[in-house]
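One structure is given below, encoded as structure tokens.
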Amino acid sequence: MMAKIIDGKAFAARVREQVAAHVARLKEENGLVPGLAVVLVGEDPASQVYVGAKGKQTVEVGMNSYEHKLSADTDEATLLSLIDKLNNDPAVHGILVQLPLPGHLDSDLVINSINPAKDVDGFHISNVGLLGTGQKAMVPCTPLGCLMMLRDHHGSLSGMNAVVVGRSNIVGKPMAQLLLGDSCTVTIAHSRTKDLTAVCRGADILVAAVGRPEMITGDMVKPGATVIDVGINRIERDGKTKLVGDVDFASASAVAGAITPVPGGVGPMTIACLLANTLTAACRANGLAEPKGLTA
Ligand code: NDP
């Protein structure tokens with residue numbers, strides 16, 4: 001039987017509606033407008049597209065968007081000084097520095113200079129530590145989006161076997177922490193994992209965050225499992241450029257119980273969760289109740 005398709009595009013639209021409704025209430029009842037500052041250094045075309053989409057969606061949900069575009073040769077002191085200004089600006093509740101940064105800039109230093117309470121990407125070392133110890137953190141957007149879809153599909157995740165393929169700081173590791181937080185039994189697989197097929201076939205929940213087009217095939221999926229495909233890969237096929245995930249959708253969807261497609265799965269949830277995180281940060285900064293269902 002064909003797997004149920006988890007529609008990330010529709011889910012993200014619902015998250016944005018929820019954020020917009022909460023933002024409207026904040027304006028009316030508290031005179032508060034959440035603000036997101038996005039900093040882009042350089043002219044990387046993909047980053048420019050992402051930053052444009054983030055700004056547009058921020059405004060659409062009623063929040064303020066502040067874009068700071070700096071030239072590719074911006075020095076560290078200038079960038080750190082801008083972040084310091086944003087850290088101290090009460091109208092800015094979320095700060096996102098678009099990655100990757102040009103090679104002469106130290107990404108860790110830059111990210112760790114953001115006020116952790118405004119770190120809506122959840123990459124600051126304090127937020128990593130808070131998430132790892134089960135405390136209230138700002139949670140990285142992509143894994144948060146995956147968690148929301150999994151909770152929506154399953155209700156409770158307690159006791160399920162989850163396998164996360166990939167151990168990056170931005171997806172794999174925080175995803176594993178979130179699943180552990182929801183009481184899954186979690187395995188993290190990576191390039192040195194032995195018999196990846198057997199490991200994956202033990203998963204009730206299989207999250208692929210590898211960066212290798214269509215690497216996870218149907219024979220690696222336990223019948224009935226839920227498959228979350230984080231991968232975004234551009235490939236040439238039949239003379240056309242095509243977007244595919246890290247999962248071979250055709251073979252995996254014939255075995256899985258539910259699966260996210262690419263495009264239209266995890267991708268749209270990432271920006272929706274950025275908006276949710278900005279709203280959460282604004283509420284926390286003002287001692288107000290956090291939006292329900294939009295945090296970990
Ligand atoms: P990274 O390159 O940082 O990490 C990839 C991980 O996959 C590494 O841990 C690596 O293992 C592991 N890996 C690589 N090859 C294999 C293999 N043959 N078998 C098992 N594991 C392997 O990637 P990211 O985490 O940044 O991104 C992963 C994917 O998710 C990419 O396609 C990216 O484009 C996409 N992405 C999508 C987002 C969205 O909004 N939907 C957001 C962010 C990323 P090792 O550590 O041993 O090298």
Side-chain angles (χ1 to χ4, degrees), residues 6 8 11 99 107-108 111 116 119-212 215-216 220-222 225-233 245-247 252 256-260 262 265-267 269-270 272-274 276-277 280 294-296:
I6 300 177
F11 198 104
L99 299 176
S107 300
D108 287 339
I111 296 304
D119 168 39
V120 281
D121 251 346
F123 296 158
H124 190 288
I125 194 83
S126 298
N127 282 313
V128 176
L130 289 167
L131 178 62
T133 50
Q135 298 178 71
K136 202 178 261 191
M138 293 307 303
V139 176
C141 304
T142 301
L144 178 59
C146 297
L147 182 74
M148 282 185 191
M149 290 194 286
L150 285 166
R151 283 178 176 170
D152 183 67
H153 181 69
H154 286 286
S156 170
L157 308 182
S158 181
M160 297 179 85
N161 287 332
V163 173
V164 180
V165 190
R167 56 175 164 178
S168 73
N169 290 335
I170 61 166
V171 188
K173 283 185 202 151
M175 184 74 249
Q177 295 284 3
L178 288 172
L179 291 165
L180 192 59
D182 269 28
S183 299
C184 291
T185 303
V186 183
T187 303
I188 305 176
H190 46 77
S191 66
R192 308 292 175 89
T193 297
K194 289 185 180 144
D195 200 351
L196 185 65
T197 297
V199 171
C200 290
R201 278 186 69 89
D204 303 311
I205 293 170
L206 179 60
V207 181
V210 190
R212 290 179 180 261
M215 193 195 95
I216 305 291
M220 301 169 86
V221 176
K222 178 178 173 177
T226 300
V227 178
I228 304 289
D229 188 356
V230 180
I232 300 177
N233 308 289
D246 291 341
V247 176
I259 188 166
T260 59
V262 176
V266 175
M269 285 298 287
T270 298
C273 287
L274 173 67
N277 275 353
T280 300
L294 297 179
T295 54

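On a predicted model such as this, the values are computed, not experimentally measured, just so you know. Keep in mind that the numbers below use all heavy atoms, side chains included, and drop hydrogens, waters and symmetry copies. Nothing fancy with the numbering, it's 1 onward along the sequence.
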Can you tell me how far the [atom1] atom of [X] sits from the [atom2] atom of [Y], to the nearest 0.5 Å?
X	Y	atom1	atom2	answer
Leu150	Ser156	CG	OG	11.5 Å
Met138	His124	CE	NE2	12.5 Å
Leu157	Thr185	CG	OG1	11.5 Å
Leu144	Leu294	CG	CG	8.5 Å
Thr187	Leu206	OG1	CG	10.5 Å
Arg201	Leu196	CZ	CG	12.5 Å

### Message
I need the single residue from Val266, Val230, Val247 that forms a side-chain contact (heavy atoms from CB on, under 4.5 Å) with Val207. Which is it?
### Response
Val230

#### Entry: With Asp182 via salt bridge (charged side-chain N to carboxylate O under 4.0 Å, His left out) - residues at least two apart
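Once residues adjacent in sequence are excluded, the partners of Asp182 under the salt bridge (charged side-chain N to carboxylate O under 4.0 Å, His left out) criterion are Arg151.
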
Considering all heavy atoms of both residues, which atom of [X] and which atom of [Y] are nearest to each other, and what is their separation?
X	Y	answer
Met148	Phe11	O-CZ, 3.7 Å
Ile205	His154	CG1-NE2, 4.5 Å
Ala189	Val163	CB-CG1, 4.5 Å
Gly122	Val128	O-CG2, 4.2 Å
Arg192	Arg167	CG-NH2, 4.3 Å
Ala162	Leu179	CB-CD1, 3.8 Å

### Query
So Leu99 and Ile111, side chain to side chain contact (heavy atoms under 4.5 Å, CB included) or not? Walk me through it.
CA-CA 10 Å; Leu99 299 176; Ile111 296 304; 4.2 Å; yes

### Message
As a quick check of understanding, evaluate side chain to side chain contact (heavy atoms under 4.5 Å, CB included) for Asn169 and Phe123, giving each step before the final call.
### Response
CA-CA 8 Å; Asn169 290 335; Phe123 296 158; over 6 Å; no

Output yes when a side-chain donor or acceptor of [X] lies under 3.5 Å from a complementary backbone atom of [Y], and no otherwise.
X	Y	result
Ser168	Val171	yes
Asp246	Gly211	yes
Asp204	Met160	no
Asn277	Pro140	no
Thr260	Asp229	yes

Taking C-beta and beyond as the side chain, do [X] and [Y] meet within less than 4.5 Å on heavy atoms?
X	Y	answer
Cys200	Val165	yes
Val227	Ile216	no
Ile188	Thr193	no
Met175	Ile228	no

### Task
Please assess Cys273 against Thr142 for the test side chain to side chain contact (heavy atoms under 4.5 Å, CB included), listing each intermediate value before the final yes or no.
CA-CA 7 Å; Cys273 287; Thr142 301; over 6 Å; no

#### Entry: Residues Thr226, Met149; criterion side chain to side chain contact (heavy atoms under 4.5 Å, CB included); working and verdict
CA-CA 10 Å; Thr226 300; Met149 290 194 286; over 6 Å; no

